[in-house]
Every structure is written in C-alpha cells, then in structure tokens.
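Below you'll find the structure, written out as structure tokens, and then a few comments.
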Amino acid sequence: MRYEIIGPPADRFEEVLTAEALEFLVALDSEFAARRVALLDTRRARRDRYSTGQLPDFLPETAAIRADPTWRVAPPAPGLVDRRVEITGPTDRKMTVNALNSGAKVWLADFEDATAPTWHNVVSGQLNLIDALDRRIDFTDPRGRRYALGAELATIVVRPRGWHLVEKGIAIDGRPVSASLVDFGLYLFHCARRQLDLGAGPYFYLPKLEGHREARLWNDVFVFAQRYLGLPQGTIRATTLIETITAAFEMEEILYELREHSAGLNAGRWDYIFSMIKNFGQWPDFVLPDRSEVTMTVPFMRAYTELLVATCHRRGAHAIGGMAAVIPSRDPEVNEVALGKVRADKRREAGDGFDGSWVAHPGLVDTCREEFDAVLGERPNQLDRLRDDVDVAAADLLAVDKTPGQVTAAGLRSNIAVALRYIDAWLGGVGAVALWNLMEDAATAEIARCQVWQWLQHGTPLAGGGCVTEELVRSILAEELTALVAGRVGDDRDRAWRAARIVEDTAFGERLPAFFTTAAYARHLAPAERAVPAG
Ligand SMILES: CC(=O)SCCNC(=O)CCNC(=O)[C@H](O)C(C)(C)COP(=O)(O)OP(=O)(O)OC[C@H]1O[C@@H](n2cnc3c(N)ncnc32)[C@H](O)[C@@H]1OP(=O)(O)O
Ligand SMILES: O=CC(=O)O
Ligand SMILES: [Mg+2]
C-alpha cells in the first residue's frame with residue numbers, strides 16, 4: 001500500500017480513515033500533488049517579482065474572458081439559493097451543534113482560519129460532520145448541558161485548508177499530503193452521498209487562492225473526484241474566497257475556471273489585508289496604520305468589495321460578505337457597541353449588493369439577518385442587482401497610501417499581544433479565540449504579526465513620539481509574555497514561550513515568512529511519531 005497513517009489513533013478514527021477513503025486520497029495525490037507544488041513555486045516567483053517593485057495588474061492574456069458578456073456560472077444549488085446569513089466556525093462537537101442550530105442559512109465548517117490543524121482536530125472534525133449528517137451528534141457535556149440538533153439546520157459548506165499547507169498525519173509514498181486534498185477528499189468521500197440524500201450537496205469554500213490557475217486546479221480536482229466517486233459532474237459547488245490581492249485581479253477568471261462548480265465569491269477581508277502587507281510590505285507607500293484603522297470603508301478595501309459584487313452579479317454568482325470581527329459581550333454596554341458595529345457592517349454590505357454575509361457567533365445571526373431582510377425582503381438574494389456603476393481600476397485596488405490613520409504605541413502593543421496570545425492558543429490546538437472582544441483567528445493574527453514586521457522594516461514613527469524599533473518590540477513582547485505566563489506551569493508555560501519565539505521569528509527577519517502556520521505546523525503541531533501503520 002502507498003499510504004501510511006502517521007497520526008495517532010483515537011476513538012472511532014477508523015470510521016474516517018477507511019481503506020477506501022485513503023485510496024481515494026492516494027488517487028487525488030497521484031493526480032494533483034505535482035501541480036500543487038508547481039503552483040506554490042509560481043506564488044514564490046510572483047512574490048519575488050513584487051519585491052523588485054513590480055505591481056499586479058489585470059491579466060492581458062485573459063482579457064477575452066472578461067470581455068465576453070455571455071458566460072454565467074451554474075445556477076445556485078439546493079441549500080445555497082438564500083445565503084443571507086452564514087455562520088463560520090471550527091468543527092468541534094459543540095460548535096458543530098451550535099452552528100447548525102444557530103438560525104443561519106449556511107454553516108462554514110472551517111478547517112482553515114478557525115482551526116489549529118492538529119491531527120485530532122482534522123480527523124475528529126470529519127467525524128463530527130458525518131455524525132451531524134447522520135443525526136448522531138447529540139451529547140451531554142460534563143456540566144450536564146444537553147446539545148441536540150434542532151429541526152431546521154444550516155446548509156454545511158466545508159472550508160478545507162489552503163494549498164500552502166500539508167498534512168503530516170498521513171504519508172503517501174513517504175511524503176506528507178496536501179492538506180487541502182485531505183480535508184476535501186475525506187469530506188467528499190464520506191459526506192457527498194449523505195448530503196445528496198438530504199437534498200443538498202457537497203459544498204466547499206476555497207481559501208487563500210492566489211489566482212485563476214489555482215482555481216483551475218480545484219476545478220480539475222472536482223471533475224476527477226466526481227468521476228472517481230460516480231457523482232454527476234457539477235454536483236460539487238464551491239465559493240471562492242477572494243482574500244489575496246492577486247486573486248482580486250483575477251476574480252472574473254476564477255469564476256470562469258470554476259463556472260460549472262462555482263457558488264460565487266466571498267470577500268475574505270482579513271486575509272486580504274494580510275496579503276497586501278505580505279506582498280508589498282517593504283514599500284513605503286504600503287505601510288498601513290493600526291489594524292483597527294484598516295476598515296472596510298478605506299479606499300482600497302472599498303474598491304475590492306465593490307469590484308467583487310459587480311463581478312459576481314455580472315456572472316450570476318453570489319457575492320458573500322466578510323467577517324466583522326467584533327463579537328457579543330456579556331457586558332451590556334460593550335455588547336451594544338459590538339452589535340452596532342456588526343449592524344453597520346452588514347447594512348453596508350447589503351446596500352452594496354452582497355447576497356449575504358458572515359458572522360462569527362450565534363449571537364450575531366439576528367443582526368445580520370435583519371440587515372439583509374431589510375434589503376432582500378422576500379427575495380432569496382439580489383443576483384439581479386447589477387452594479388454597472390462600479391468602475392474599479394488597478395490603481396484603486398492598490399491605493400493603500402490613501403488609508404487614513406496612524407501607527408500608535410497602543411496599536412503596536414495590541415498587535416504583539418494578539419499575535420502572542422493567538423499563536424499560544426493555536427499551539428494548544430485552538431484555532432479561534434476571543435481577545436478583547438474581537439474574534440481572532442489565523443487570518444487576523446497574520447495581520448498582527450505582519451504589521452509588527454512591516455513597521456520594524458520602516459522604522460515607522462509612532463503618533464505621540466518615538467518610532468518602532470527592535471528594542472521596543474522586544475521589550476513589549478517580554479512584557480506581554482510575562483503577563484501571559486503569570487500563574488502558568490509546565491507545558492502551558494512552555495507553550496507561551498514557544499509562541500513568543502514564533503512571534504520573534506516572524507517579526508525580526510529581513511524577509512517576512514509567507515505564513516506563520518507552515519513552519520509552526522511542521523515544528524509544533526504535526527504528528528511526530530509513527531503510530532499504527534495502516535493499509
Ligand atoms: C477571518 C476568517 O476567516 S473569519 C472565519 C473564521 N473564524 C471563525 O470562524 C471564528 C468563529 N467564532 C468562534 O470561534 C467563537 O465565536 C469565538 C472563539 C470567537 C468566541 O467563542 P466563545 O469564547 O466560546 O464565545 P461565547 O462564550 O460568547 O459563546 C457562547 C456560545 O456560543 C457558541 N459559539 C460561539 N461562536 C460560535 C460559532 N462560531 N459557531 C458555533 N457556536 C459558537 C459557543 O460555543 C458557546 O456555546 P455554549 O453556550 O453552548 O457553551
Ligand atoms: O477567511 C476570511 C478572511 O477574512 O480571511
Ligand atoms: Mg481567510
């Protein structure tokens with residue numbers, strides 16, 4: 001056999017890691033592993049070009065696709081017609097039940113930004129999805145609280161990990177496997193028919209794509225997988241996140257590549273900001289102010305979302321809004337402010353023509369629904385609202401220098417504290433956390449650690465005096481680490497130290513690491529020991 005299970009066994013994991021499912025992963029790997037590696041090389045080469053001053057533009061070689069007014073994506077699939085509220089979150093057992101019961105139309109079951117990809121999270125997440133579809137997920141927690149699926153459930157849309165990540169819990173021919181193919185393959189293998197029997201289908205969100213060739217790879221994966229599993233072509237549907245600056249220049253082409261499988265585009269705002277810093281962070285014109293100042297109404301973010309809605313609706317595709325990171329609070333005053341911010345965000349999106357949007361927490365479902373109800377009324381979406389008024393040029397997408405705001409000492413400290421605390425949680429197997437009333441996940445933490453790097457590179461002046469220096473960052477990091485480890489012992493204490501080391505490694509280097517998660521996964525999360533060989 002060509003595969004081996006490296007990750008440790010646990011209760012019922014064999015129900016996910018069946019010989020047939022693993023053979024399917026081997027088939028996907030044989031067909032697509034080399035193309036994935038080549039596309040990752042292309043990403044690196046492109047970033048190198050940007051480091052010499054080149055800027056992206058709309059592609060001349062695909063002008064004909066953009067100019068052709070005739071093509072459309074497939075009509076919306078069952079369960080994906082009305083997407084006015086989508087809740088996102090990790091796939092642990094409790095969150096699965098809570099998300100499905102939340103009243104949202106869609107649940108984005110997340111193996112990406114909201115999940116720390118421990119072997120346990122990866123496999124048990126798949127098991128929870130199977131159990132949810134079989135209605136076998138009800139349980140009572142240790143406090144005696146009962147969790148049970150209700151009558152009306154959200155449509156499940158799974159977000160596999162991005163192309164940059166590998167899964168080391170399974171080896172094929174002695175190599176780690178693409179994490180995207182593992183998450184996609186296991187879910188499709190086990191749940192496609194279960195979903196079809198329930199009147200929905202196997203639906204996906206595709207994260208962190210950097211261009212249409214990566215969308216073509218996904219489309220080819222879908223065609224191959226449908227053939228392998230005997231599913232009618234077009235059964236799979238995928239919403240692509242536009243969350244990199246390079247993908248923003250290829251929205252139309254991405255829809256075109258996936259057109260028989262496309263369920264639209266989503267404005268993944270947090271990774272988008274991260275991508276902007278990652279690609280152009282060394283240039284003075286691209287220095288961003290405090291993270292809290294980079295709102296959806298600053299010119300470069302506005303240009304991107306306007307273009308996204310216009311592109312989608314021209315092609316009959318859903319445009320889905322992004323995540324307002326504020327979450328509900330038990331403090332009534334703080335809560336009121338938080339709900340007000342989410343309401344304003346969803347109101348703007350609905351008014352701009354989005355067909356629905358994301359929330360991070362069940363307590364935000366009603367707010368989002370009310371704002372979309374106000375615009376959609378009885379209509380399931382507003383695909384008919386063409387945004388022919390939108391005129392976005394390459395320069396608008398890159399107009400980072402028009403972002404108002406300052407870099408402050410508080411913003412610097414906040415970035416260091418968030419990066420440290422998030423990475424600490426991630427190393428502990430938790431991929432989304434609430435910090436200071438904000439949802440923090442891999443994407444928001446990437447911004448935090450990249451801004452520290454960016455400001456250090458530029459010796460950025462701080463409002464009120466001084467500037468960002470290595471000495472200052474080290475001293476804030478030391479203070480934040482002291483606060484984090486207070487009262488901790490043993491492994492918990494070590495984990496905080498490891499998190500601080502990752503923050504240092506990613507902040508002080510001359511070149512910004514493309515993702516903190518890749519090296520941190522290999523060093524800290526990946527299963528190290530060989531467990532029971534299988535197959
Ligand atoms: C940039 C992007 O990619 S955004 C998408 C990726 N990020 C995410 O999906 C983050 C999703 N959100 C979350 O993970 C959580 O809301 C957090 C971690 C931010 C906060 O969670 P908590 O600290 O548990 O919040 P809180 O205590 O208010 O939760 C109250 C209840 O709501 C549940 N809950 C909170 N958020 C969610 C969610 N997204 N899905 C399902 N249930 C949820 C909690 O499990 C808890 O349930 P319980 O009452 O049965 O114990
Ligand atoms: O995945 C969403 C984002 O904002 O990043
Ligand atoms: Mg993202």
Side-chain angles (χ1 to χ4, degrees), residues 85-104 106-116 121 125 128 132 139-148 153-154 156-157 159-162 164-165 205-210 239-244 247 265-276 278 294 296 301 304-305 308 320-331 334-335 338 342 345 357-365 368 418 421-422 425-426 430-448 515 517:
V85 189
E86 302 196 341
I87 189 167
T88 69
T91 52
D92 65 70
R93 218 163 174 77
K94 181 177 87 166
M95 301 282 256
T96 297
V97 176
N98 283 341
L100 286 169
N101 284 343
S102 66
V106 165
W107 170 41
L108 181 158
D110 199 8
F111 290 94
E112 238 294 337
D113 291 331
T115 288
N121 286 346
N128 292 336
F139 70 102
T140 303
D141 78 1
R143 298 166 302 168
R145 188 158 168 190
R146 177 104 186 112
Y147 289 84
L153 304 180
I156 297 175
V157 178
R159 178 160 73 168
R161 283 166 285 172
H164 58 297
L165 292 166
Y205 256 109
L206 305 179
K208 296 181 170 62
L209 261 63
E210 298 204 0
T239 307
T240 305
L241 282 135
I242 300 300
E243 53 182 355
T244 62
L265 302 178
N266 171 290
R269 60 179 73 167
W270 300 107
D271 267 309
Y272 191 74
I273 297 168
F274 162 47
S275 157
M276 198 65 100
K278 180 163 71 181
V294 189
M296 295 311 291
M301 295 301 279
Y304 138 72
T305 55
L308 189 146
I320 306 296
M323 183 63 81
V326 268
I327 46 174
S329 165
R330 287 181 181 92
D331 175 330
V334 177
N335 193 48
V342 174
D345 189 63
S357 190
W358 280 10
V359 294
H361 190 287
L364 301 172
V365 168
C368 181
V418 164
R421 282 170 189 259
Y422 177 78
W426 190 89
V430 178
V433 284
L435 294 175
W436 297 287
N437 293 313
L438 292 179
M439 177 283 298
E440 302 287 355
D441 67 6
T444 63
E446 288 283 25
I447 301 173
F515 295 96
T517 47

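Each ligand, and each atom within it, is numbered from 1 in the order the structure gives. The first residue in the sequence is number 1, and the count goes up from there.
Any N or O atom pair closer than 3.5 Å counts here, and W358 shares no such pair with ligand 2.
Closest of all the heavy-atom pairs between V326 and L438 is CG1-CD2, 3.6 Å. Among all heavy-atom pairs drawn from A109 and T91, the shortest one is CB-CG2, 3.7 Å. Looking at every heavy atom in both residues, P328 comes nearest to N335 through CA-OD1, 3.2 Å. Scanning all heavy atoms of the two residues, the minimum distance from T517 to L165 falls at OG1-CD2, 3.9 Å. Taking every heavy atom of both residues into account, P362 and S102 meet most closely at CB-CB, 4.3 Å. For the residue pair C368 and V359, the shortest heavy atom distance occurs at CB-CG1, 3.6 Å.
Contact annotation for R145 and ligand 1: only side-chain heavy atoms (C-beta onward) come within less than 4.0 Å of the ligand. No part of E243 comes within 4.0 Å of ligand 1, judged by heavy-atom distances. If you look at P90 next to ligand 1, the close heavy atoms, those under 4.0 Å, all belong to the side chain. Contacts of V433 with ligand 1, taken as heavy-atom pairs under 4.0 Å, involve the backbone alone. Of the heavy atoms in D441, only side-chain atoms (C-beta onward) come closer than 4.0 Å to ligand 1. Here R159 has side-chain heavy atoms under 4.0 Å from ligand 1, and that is the only part of it that gets that close. If you look at M323 next to ligand 1, the close heavy atoms, those under 4.0 Å, all belong to the side chain.
The distance from the CG atom of L241 to the CD atom of E112 is 9.0 Å, given to the nearest 0.5 Å. Atom CZ of F274 and atom NZ of K208 lie 7.5 Å apart (nearest 0.5 Å). Rounded to the nearest 0.5 Å, atoms CG (L209) and OG1 (T244) are 7.5 Å apart. With rounding to the nearest 0.5 Å, the separation of CE in M296 from CD1 in I273 is 7.0 Å. T96 OG1 to N128 CG: the interatomic distance, rounded to the nearest 0.5 Å, is 4.5 Å. Note that CG of D441 is 7.5 Å distant from OG1 of T88, once rounded to the nearest 0.5 Å.
Counting only distance, with no hydrogens or angles, the side chain of T115 and the backbone of D110 share a donor-acceptor pair below 3.5 Å.
Considering only heavy atoms from C-beta on, W270 stays 4.5 Å or farther from E243 through its side chain.
In this structure, atom 23 (O) of ligand 1 lies nearest to the protein heavy atom A434 CB, 4.3 Å. The protein heavy-atom contact nearest to atom 11 (C) of ligand 1 is A360 O, 3.3 Å. When hydrogens are left out, the protein atom nearest atom 27 (O) of ligand 1 is R330 NH2, 3.2 Å; that is the closest non-hydrogen contact. Of the protein's non-hydrogen atoms, the one nearest atom 4 (O) of ligand 2 is W270 N, 2.8 Å. For atom 8 (C) of ligand 1, the nearest non-hydrogen atom of the protein is T88 OG1, 3.3 Å. For atom 21 (O) of ligand 1, the closest non-hydrogen atom on the protein side is H361 CD2, 4.8 Å. The shortest contact between atom 43 (C) of ligand 1 and any protein heavy atom is with P362 CD, 3.3 Å. For atom 3 (O) of ligand 1, the nearest non-hydrogen atom of the protein is D113 OD2, 2.8 Å. For atom 42 (N) of ligand 1, the nearest non-hydrogen atom of the protein is N98 CB, 3.3 Å.
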*asked:* Go through it in stages, so that I can follow the logic: the residues are W436 and V418, the test is side-chain contact (heavy atoms from CB on, under 4.5 Å), and I'd like the CA-CA distance, side-chain angles, deciding distance and then a yes or no.
replied: CA-CA 9 Å; W436 297 287; V418 164; 4.1 Å; yes
*asked:* Let's go through N101 and L153 carefully: what are the C-alpha distance in whole Å and the side-chain angles of both, what is the deciding distance for side-chain contact (heavy atoms from CB on, under 4.5 Å) to 0.1 Å, and is it a yes or a no?
replied: CA-CA 6 Å; N101 284 343; L153 304 180; 3.4 Å; yes
*Stepwise salt bridge (Lys or Arg N to Asp or Glu O under 4.0 Å) check, R143 with D141*: CA-CA 5 Å; R143 298 166 302 168; D141 78 1; 2.5 Å; yes
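Not close to ligand 1: W107, with no non-hydrogen atom less than 4.0 angstrom away. The shell of residues lying under 4.0 angstrom from ligand 1, judged by heavy atoms, excludes P328. Using a 4.0 Å cutoff on heavy atoms, E112 does not count as a contact of ligand 1.
Residue contact check: A443 has heavy atoms under 4.0 Å from atoms 5 (O) of ligand 2. Contact atoms of ligand 2 toward D271: 3 (C), 4 (O), 5 (O) (distance under 4.0 Å to a heavy atom of the residue). Listed by atom number, the atoms of ligand 1 under 4.0 Å from Y147 heavy atoms are 48 (P), 50 (O), 51 (O). For ligand 1 and A432, the ligand atoms under 4.0 Å from any heavy atom of the residue are 10 (C), 14 (O), 18 (C). Heavy-atom contacts of D110 reach the following atoms of ligand 1: 6 (C) (cutoff under 4.0 Å). The atoms of ligand 1 that sit less than 4.0 Å from any heavy atom of A99 are 40 (N), 41 (C). Proximity to A114 (heavy-atom distance under 4.0 Å) selects the following atoms of ligand 1: 6 (C), 7 (N), 8 (C), 9 (O). Atoms of ligand 1 found under 4.0 Å from any heavy atom of M439, numbered from 1 in the order shown, are 4 (S), 7 (N), 10 (C), 19 (C). Atoms of ligand 1 found under 4.0 Å from any heavy atom of K94, numbered from 1 in the order shown, are 45 (O), 47 (O), 48 (P), 50 (O), 51 (O).
Put simply, atom 34 (N) of ligand 1 has protein non-hydrogen atoms near it, under 4.0 Å away. There is a protein heavy atom closer than 4.0 angstrom to atom 38 (C) of ligand 1.
Restricting D113 to its N/O/S atoms, the shortest distance to the Mg ion (ligand 3) is reached by OD2. Looking only at its N/O/S atoms, D271 has OD2 as the one nearest to the Mg ion (ligand 3).
Look at E243 and the Mg ion (ligand 3): an N/O/S atom of the residue is under 2.8 Å from the metal.
Closest heavy-atom approach to atom 3 (C) of ligand 2 within the set E243, E112, K208: this belongs to E243. Considering each of M323, R159, R269, the one bringing a non-hydrogen atom nearest atom 1 (O) of ligand 2 is R159.
Applying the salt bridge (charged side-chain N to carboxylate O under 4.0 Å, His left out) test between D113 and each of R159, R269, R161 identifies R159 as the sole match.
In this structure, F139 and Y147 have parallel ring planes: the angle between them is below the 30° cut-off, well short of the 60° mark. A parallel orientation is assigned to the rings of Y304 and Y272, their planes being inclined by less than 30° (bins at 30° and 60°).
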